[in-house]
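A quick write-up on the structure given underneath.
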Amino acid sequence: MTEEEENLINEDLEVELVLEALLKKSDFDYRNYSRSHIKRRLNHRLAIEGYSKYSELIPQIIYNKTLLGKLLSDLSINVTEMFRDPSFFKELKKRVFPYIETYPFVRIWHAGCSSGQEVYSMAILLKEYGLYEKSQLYATDFNNDILEAAKNAIYPVDYIKKYTANYQQAGGENSFSDYYLAGYDSASITPTLKKNILFSFHNLVTDGIFGEMHIIMCRNVLIYFDKELQAKVLKLFAESLVPGGFLCLGSKESIRYSGVENMFDVVSTDEKIFRKRVL
Amino acid sequence: MVTPRIIVVGASAGGLSVLEKIISSIDVLPIPLVIVQHISPDSGDSVLRLLKKYSSIPFTEPIDKEGLEENHIYLAPPDYHVMIEHDKSFSLYLGPKENFCRPAIDLLFETAAEVYKDGVLGIILTGANRDGLRGCQKIKLFHGTVIAQNPEEAQVPVMPKAVVSEGLADHVLNIDEICIMINSVLKGVIDG
Ligand SMILES: C[S@@+](CC[C@H](N)C(=O)[O-])C[C@H]1O[C@@H](n2cnc3c(N)ncnc32)[C@H](O)[C@@H]1O
């Protein structure tokens with residue numbers, strides 16, 4: 001074995017120990033997150049702190065609350081927008097709504113909802129299709145600060161232009177300005193959209209099923225997990241869906257590589273919409 | 001040169017026309033080839049559709065956790081970093097831009113080096129920033145091979161020049177020579 005290969009093995013060991021320490025000190029379990037992501041985020045912290053080894057983080061995790069906080073925020077990536085991937089929302093309306101229209105009520109779970117843009121996009125779409133009043137939306141995340149932001153639904157006004165363009169591309173039927181109240185430098189989502197949304201804490205690694213869902217949206221979350229954790233969470237989703245319920249993933253995510261393919265039928269390959277099989 | 005087990009290519013400003021040349025020169029590809037071309041976040045699959053025309057080899061944007069296969073060209077999608085995990089599968093990453101770019105060349109090159117060790121052939125083409133420099137350092141650390149496009153020929157010389165001036169390039173070649181070299185290396189892979 002070359003020296004570099006040995007170094008690499010030692011580095012991996014250090015990362016493992018860092019994640020153990022994090023788990024013990026914070027209750028956040030990152031052990032089954034994609035290792036290459038984790039290393040990238042830790043590298044970032046090492047560079048800022050001027051450390052050369054991952055293991056130097058361990059005493060800091062144990063004794064330095066400030067650094068622990070920073071590390072946890074490094075590991076949390078919350079990028080989102082309204083109507084992200086507009087073509088997905090178009091497809092949702094075309095391929096999924098005609099089914100749920102026939103149900104007496106609709107339960108939808110947004111797992112990893114971040115600051116709320118995705119669930120408000122869904123709310124708008126449901127409203128325009130006349131489905132909102134019979135829908136109950138559950139929006140969950142494992143980051144309490146971001147959940148707070150999601151509930152407040154106040155977004156920088158600079159983003160509105162992008163959101164409006166996305167809304168139009170997604171096939172929005174009204175004017176996007178119907179859905180927010182513009183302030184000086186921020187825009188807040190109208191309260192009428194919040195009525196049927198319940199925000200709550202849920203950790204996909206440790207918490208259980210959210211039953212009897214008709215649609216589960218989990219977009220750009222699985223991408224942070226390794227194969228094993230993806231498979232576990234996809235099973236959780238399968239168990240949380242009614243037979244024939246829909247699962248929507250992010251544009252670069254798939255059920256294909258985690259051994260759960262046979263639990264779902266493909267509704268849209270491009271837009272990553274799947275349907276739980278009726279056994 | 002060690003017989004490569006993967007080819008990784010990084011290109012930025014001016015990259016499309018050289019990528020077209022490289023891709024159309026390859027007939028058989030017994031190992032995976034992965035490309036990062038800097039692109040704007042909302043360019044959709046336009047670059048993929050453009051480049052695909054120049055090859056009959058399967059050519060896609062990778063999906064998260066997809067395994068790397070031989071006889072396949074992969075192009076990093078807009079707005080995602082592409083990394084390689086130890087089990088030789090792709091990991092797509094929405095982390096911050098690096099060197100002002102997402103996808104960034106460094107992430108692909110560095111993780112390819114850690115996984116494929118001395119079996120990496122990295123090619124750095126025309127471009128206006130220094131993305132790829134750290135990636136090439138990592139490739140050399142693991143005794144892989146680095147080819148830089150001749151900065152004099154490159155439409156924008158900054159990117160290959162950075163790699164050459166740090167002494168990281170095993171070969172500094174014009175694009176036609178790069179195509180010839182790739183094909184002779186690939187022939188070597190086939191002949192064992
Ligand atoms: C990139 S955002 C995706 C937001 C939105 N779904 C979208 O696609 O725009 C990822 C979110 O997943 C959350 N997340 C990561 N790991 C989680 C876990 N184990 N349980 C619940 N949420 C998690 C993060 O806190 C973050 O808000």
Side-chain angles (χ1 to χ4, degrees), chain A residues 1-5 7-9 11-12 15 33-44 47 74-81 84-87 114 162 165-166 169 219-231 234 249-260 269-270 272, chain B residues 2 41-42 44-45 48 60-69 74-99 102-104 106-120 134-135 137-144:
Chain A
M1 195 188 299
T2 67
E3 195 185 324
E4 291 71 35
E5 287 172 24
N7 281 340
L8 198 62
I9 291 172
E11 266 183 15
D12 288 343
V15 172
Y33 279 53
S34 154
R35 259 321 137 82
S36 57
H37 292 197
I38 294 284
K39 277 179 101 168
R40 212 71 204 173
R41 296 314 293 148
L42 295 182
N43 287 347
H44 168 76
D74 289 338
L75 290 173
S76 159
I77 293 177
N78 305 304
V79 201
T80 187
E81 55 189 48
R84 180 184 202 162
D85 308 316
S87 56
S114 188
K162 172 79 173 151
N166 283 357
Q169 282 174 43
R219 303 173 66 229
N220 306 299
V221 180
L222 293 181
I223 207 172
Y224 299 98
F225 299 170
D226 71 9
K227 267 184 203 163
E228 210 180 307
L229 184 55
Q230 281 194 2
L234 285 166
L249 302 181
S251 70
K252 302 296 167 214
E253 294 165 337
S254 173
I255 55 169
R256 262 217 312 266
Y257 309 107
S258 306
V260 293
T269 312
D270 284 350
K272 307 294 185 286
Chain B
V2 178
D42 43 17
D45 63 354
L48 179 72
T60 56
E61 290 174 352
I63 296 283
D64 184 52
K65 304 291 180 285
E66 179 176 355
L68 280 93
E69 286 182 11
Y74 302 92
L75 176 72
D79 218 21
Y80 286 84
H81 291 302
V82 165
M83 300 196 271
I84 300 174
E85 296 271 358
H86 283 308
D87 67 352
K88 300 195 172 127
S89 64
F90 284 107
S91 187
L92 275 75
Y93 177 52
L94 281 164
K97 291 185 178 181
E98 298 203 14
N99 316 308
R102 188 175 53 219
D106 277 340
L107 282 86
L108 172 66
F109 280 26
E110 289 176 40
T111 52
E114 290 185 354
V115 173
Y116 289 87
K117 313 278 181 341
D118 60 358
V120 177
R134 280 199 313 218
Q137 276 163 348
K138 196 88 174 214
I139 292 177
K140 288 319 295 173
L141 186 70
F142 283 90
H143 312 287

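Chain letters run A, B, ... following the sequence lines, proteins first, then strands; residues in each count from 1.
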Q. Is there a side-chain contact between A:S34 and B:M83, using heavy atoms and a 4.5 Å cut-off?
A. no
(Q) With a sphere of 6.0 Å drawn around CD of A:E5, does it hold more than 12 non-hydrogen atoms of other residues, nucleotides or ligands? (A) yes
Q) Is there a side-chain contact between B:E114 and A:K39 (heavy atoms, below 4.5 Å)? A) yes
Q | Per-residue contact mode, A:S87 against chain B (heavy atom under 4.5 angstrom) | A | neither
Q | Between CG on residue A:L249 and CG on residue B:D64, distance to nearest 0.5 Å | A | 10.5 Å
**Q.** Interatomic spacing from CG in A:N78 to CG in B:L94 - rounded to 0.5 Å
**A.** 11.5 Å
Q) Yes or no on side chain to side chain contact (heavy atoms under 4.5 Å, CB included) for A:D226 and B:E85, after CA distance, side-chain angles and deciding distance? A) CA-CA 10 Å; A:D226 71 9; B:E85 296 271 358; over 6 Å; no
Q | Heavy-atom pairs under 4.5 Å with chain A, option from B:H81, B:E61, B:E98 with the top count | A | B:E98
Q) In Å, rounded to the nearest 0.5 Å, how long is the span from CD of A:E4 to NZ of B:K140? A) 11.5 Å
Q.
Please classify the contact between A:Q230 and chain B as side chain, backbone, both or neither, with a heavy-atom cut-off of under 4.5 Å.
A. side chain
(Q) Below 4.5 Å, heavy-atom pairs only: which of B:Y80, B:F142, B:F90 has the largest tally toward chain A? (A) B:Y80
Q | Heavy-atom closest contact (A:H37 atom, B:S91 atom, distance) | A | NE2-OG, 3.1 Å
(Q) Measuring from atom CZ of A:R256 to atom CD1 of B:I63, what distance do you get when rounded to the nearest 0.5 angstrom? (A) 6.5 Å
Q. Quick check: does any side chain N or O of B:K65 sit under 3.5 Å from a backbone N or O of A:F225, one acting as donor and the other as acceptor?
A. yes
Q) Is it the case that B:T111 and A:S36 place a side-chain donor and acceptor less than 3.5 Å from each other? A) no
Q: Mind checking the CG-CZ spacing from B:D87 to A:R35? Nearest 0.5 Å is all I need.
A: 12.5 Å
Q: Identify which of A:L8, A:I77, A:T2 forms the greatest number of heavy-atom pairs closer than 4.5 Å to chain B.
A: A:L8
